[in-house]
Amino acid sequence: QVRLVESGGGLVQAGGSLRLSCAVSGRTITSYHMGWFRQTPAKEREIVAGISWSGRTAYADAVQGRFTISRDDANNMVYLQMNGLKPEDTAVYSCATNQVRYASSGYYTPSTYDYWGQGTQVTVSS
């Protein structure tokens, strides 16, 4: 069974930084896409960043240039470095992975993803 556990969330002032981590167990992440999503009570879950099994990345316009997704296949970890945080970045952030190995596309497509973590709260104060 694939399990994803996020950590690193918290309360930060606007302009600050956080680094989210996602530990994956039950299966290797090598050859699978990984993504970070966020959700608030007022909005549907949205994709923030995706990284393909080969290392290609894509970002939502709202976070482009401020957030960086990365992966460490040797340790089955995925990260989201968030800089220049804004109050509108406040949300529950979750990581996800798909179940198709070596998928040719879709690492930035929400419907690609099959397994999710519980999420970690990020709160940015103004």
Side-chain angles (χ1 to χ4, degrees):
Q1 181 179 357
V2 181
R3 185 172 181 235
L4 299 92
V5 179
E6 302 90 344
S7 61
L11 174 64
V12 63
Q13 289 189 331
S17 298
L18 284 173
R19 187 193 194 206
L20 305 184
S21 300
C22 174
V24 183
S25 60
R27 189 203 72 188
T28 179
I29 67 169
T30 303
S31 74
Y32 296 95
H33 296 333
M34 300 296 302
W36 282 98
F37 292 73
R38 66 186 181 188
Q39 187 170 20
T40 68
K43 293 178 65 176
E44 292 185 358
R45 184 167 57 194
E46 62 177 355
I47 189 166
V48 173
I51 185 166
S52 73
W53 58 267
S54 62
R56 291 173 294 167
T57 60
Y59 299 90
D61 289 344
V63 308
Q64 180 75 47
R66 299 188 296 123
F67 291 10
T68 303
I69 187 171
S70 61
R71 59 190 298 156
D72 178 356
D73 287 7
N75 291 296
N76 249 29
M77 297 289 294
V78 180
Y79 303 98
L80 186 68
Q81 178 67 44
M82 305 187 296
N83 299 328
L85 283 161
K86 305 175 180 179
E88 52 263 43
D89 294 319
T90 295
V92 174
Y93 285 72
S94 302
C95 62
T97 188
N98 68 332
Q99 62 180 1
V100 176
R101 298 189 69 186
Y102 299 113
S104 59
S105 62
Y107 62 95
Y108 194 63
T109 303
S111 59
T112 290
Y113 292 92
D114 304 292
Y115 304 105
W116 302 85
Q118 291 297 311
T120 184
Q121 177 70 47
V122 171
T123 303
V124 185
S125 63
S126 58

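Predicted model only: the values in this text are computed from it and were never measured.
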Could you please spell out the steps behind the side chain to side chain donor-acceptor pair (under 3.5 Å) verdict for Asn98 and Thr112?
CA-CA 6 Å; Asn98 68 332; Thr112 290; over 6 Å; no
Step by step, would you call Ser111 with Thr109 a side chain to side chain donor-acceptor pair (under 3.5 Å)?
CA-CA 6 Å; Ser111 59; Thr109 303; 5.7 Å; no
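- Looking at Thr57, Val48, Val63 one by one, the single match for side chain to side chain contact (heavy atoms under 4.5 Å, CB included) with Ile69 turns out to be Thr57.
- Under the side chain to side chain donor-acceptor pair (under 3.5 Å) rule, Tyr93 has a single partner from Glu6, Gln121, Arg38, which is Arg38.
- A cation-pi arrangement is present between Arg19 and Tyr79, with the terminal nitrogen or guanidinium carbon under 6.0 Å from the aromatic centre and inside a 45° cone about the axis.
- Contact check for Asn76 versus Thr28: side-chain heavy atoms found under the 4.5 Å cut-off.
- Within 6.0 Å of atom CD in Gln118, 12 or fewer heavy atoms from other residues, nucleotides or ligands are found, so the atom counts as exposed in its surroundings.
- The two residues Val12 and Leu18 make their nearest non-hydrogen contact at CG1-CD1, 4.0 Å.
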Set out, in order, the CA-CA distance, both residues' side-chain angles and the distance that settles side chain to side chain donor-acceptor pair (under 3.5 Å) for Arg27 and Thr97, then state yes or no.
CA-CA 10 Å; Arg27 189 203 72 188; Thr97 188; 2.8 Å; yes
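- Geometrically, Arg71 does not engage Trp53 in a cation-pi contact defined by less than 6.0 Å to the ring centre and at most 45° from the axis.
- Side-chain atoms of Thr123 do not come within 3.5 Å of backbone N or O of Leu11 as any donor-acceptor pair.
- Among residues two or more places apart in sequence or in another chain, the side chain to side chain contact (heavy atoms under 4.5 Å, CB included) test is passed with Arg3 by Val5, Ser25.
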